[in-house]
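To start, the structure itself, in structure tokens.
Proteins get letters first, then strands, A, B, ... in listed order; numbering begins at 1 in each. Note that the coordinates shown come from a computational prediction; the quantities given were computed from them, not determined experimentally. In what follows, every heavy atom counts, from backbone to side chain, and hydrogens, waters and symmetry copies are set aside.
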Protein chains: 2
Amino acid sequence: MMTATRKRIIESAIQVFNEDLSAPLQKVADNAAVTRRTLHRYFKDRNELVEICRQVIETSCKKAMIAAIQSSDEPMLQLERMLYAGIDCGAKYATFYKMHRSADHTHNQQNKNCADYDYIYATFQKIVVELQETGQLNPKMSPEWIQVLHSGIIESTVNARAITQQNIENIKELAWSSYFKAISP
Amino acid sequence: MMTATRKRIIESAIQVFNEDLSAPLQKVADNAAVTRRTLHRYFKDRNELVEICRQVIETSCKKAMIAAIQSSDEPMLQLERMLYAGIDCGAKYATFYKMHRSADHTHNQQNKNCADYDYIYATFQKIVVELQETGQLNPKMSPEWIQVLHSGIIESTVNARAITQQNIENIKELAWSSYFKAISP
DNA sequence: ACAAAATGTCTCACATTTGAGAAATACTTC
DNA sequence: GAAGTATTTCTCAAATGTGAGACATTTTGT
């Protein structure tokens, strides 16, 4: 059940909590252009709002990454589209990437989200290994490092978007170009 | 005047505030293995603690970056050492990089810190331009992009450090190698 | 061993944040 | 226009965070 106001509050929360995890809810409400009273009508408490933000981030990033993987059978194209998908997730990607890696996370294959997360990143590494075996990627870089670099490029690009006036498609191509060159043999 | 306890509190605060800007001071104290009462003995209030953390971050990162610049006359070597310096700053680098760029920052050349910051990043871009003119760096990438990528690689590398068991010098070389290839012609 | 310094424990008053009831107002739908 | 719904305004009690006094305990330095 998703009203426009509820959606607006969630997006505001994602933005505000991205900069300050413990920001007062008043700030989230202000940023969503609603009162805090209204915010409380939609969300039982802070914990619920944070949890729902997590779910929204997880659902959208997961969906985008899986779609990128399944958009092609060509490993290099998959890799490229995964980079673009990450960039399109914007600031949410950093949260998503860290989500299942944090110290207080209980990772469990029985959990659908954990399983999907593992699918994404295991597939990522499988793609990398495959491209290394066919000589398309630098065999000296570990798949782990290539993945770390992937998230670094995404984050840089997301940050650059906020600053530069350049066309978004240009930025994405630049990001891919930089990444591709970095990981090539 | 820097006692071991004071230093420990500051380092704890840098760490805790890095993850959660508005974390309760109790958390900082816990992480520093002191009581909150003691924390208050050393720091008048939260604002003072935050300000001193900023100063510590600024001083150490600035010093490291300027040292890297002045360690050589060779632009490429300067660039490489700046990457290493950033990585050595650890989580502090991200805060330092954003420090003078945030919306609520009053940037003023009369201010020594602002001037030094400008020196660092103007020099960075001068180095990039110089390397582009001599054909050592890709002329199609804007110096802004090359700088954004620099900070993105640093940040990823710092994050990867917490996760990987690899030797730190290896990671730094890998980061440089990736960055260098990304920005090469 | 002793004195001084540092820290912990306990407590308190105050400030801020939180969550929600009640009534008023604004908006939407038919 | 009327009824229903959504939101705002106002208020309050409770919870949490903050900063600091007083005293006790521990640590440090000579």
(request) Answer yes or no: is there a side-chain heavy-atom contact under 4.5 Å between A/Met82 and A/His150? (result)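 Yes - at least one pair of side-chain heavy atoms lies under 4.5 Å apart.
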
(message) Any heavy-atom pair between the side chains of A/Tyr84 and A/Thr157 that's under 4.5 Å?
(response)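 No - every pair of side-chain heavy atoms lies 4.5 Å or more apart.
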
(message) Is it the case that C/dG8 (base atoms only) and B/Arg41 (side chain only) share a donor and an acceptor within less than 3.5 Å, ignoring hydrogens and angles?
(response) yes

Taking only N/O atoms, report every protein-nucleotides 16-20 of chain C pair under 3.5 Å with atom names and distance.
unit_1	atom_1	unit_2	atom_2	d
C/dT18	OP1	A/Arg46	NE	3.3
C/dT18	OP1	A/Arg46	NH2	2.6
C/dT18	OP2	A/Leu25	N	2.9
C/dG19	OP1	A/Arg46	N	3.4
C/dG19	OP2	A/Arg46	N	3.3
C/dG19	N7	A/Arg36	NH1	2.6
C/dG19	O6	A/Arg36	NH2	3.2
C/dA20	OP2	A/Lys44	O	3.2
C/dA20	N7	A/Arg37	NE	3.3

Atom [atom1] of [X] and atom [atom2] of [N]: how far apart are they, to the nearest Å?
{"X": "B/Asp30", "N": "D/dG17", "atom1": "CG", "atom2": "P", "answer": "11 Å"}
{"X": "B/Asp20", "N": "D/dG17", "atom1": "CG", "atom2": "P", "answer": "11 Å"}
{"X": "B/Leu39", "N": "C/dG8", "atom1": "CG", "atom2": "C1'", "answer": "14 Å"}

(message) Exactly one of A/Ile183, A/Ile127, A/Val129 should register a side-chain contact (heavy atoms from CB on, under 4.5 Å) with A/Leu137. Which one does?
(response)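 Between A/Leu137 and the candidates, side-chain contact (heavy atoms from CB on, under 4.5 Å) is satisfied uniquely by A/Ile183.
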
According to a strict under-4.0 Å criterion, is [X] in side-chain N/O contact with OP1 or OP2 of [N]?
{"X": "A/Thr38", "N": "D/dT7", "answer": "no"}
{"X": "A/Tyr42", "N": "D/dA6", "answer": "no"}
{"X": "A/Thr5", "N": "D/dT7", "answer": "yes"}

(message) Please find the pair of heavy atoms, one from B/Met141 and one from B/Ala182, that lie closest to each other, and give the distance.
(response)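 For B/Met141 versus B/Ala182, the nearest heavy atoms are CE-O, 3.1 Å.
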
(request) For A/Ala29, report the nucleic acid contact type (base, sugar-phosphate, nothing); a contact means any heavy atom under 4.0 Å. (result)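 The answer is nothing, as A/Ala29 stays clear of every strand by at least 4.0 Å.
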
(message) I'd like to know if A/Asp88 and A/Lys172 make a salt bridge, using a cut-off of under 4.0 Å between side-chain N and carboxylate O.
(response) yes

(request) Measure from NZ or CZ of A/Arg101 to the centre of the six-membered ring of A/Tyr97, then state whether that distance is under 6.0 Å and the direction lies within 45° of the axis. (result)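 Ring-cation test returns yes.
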
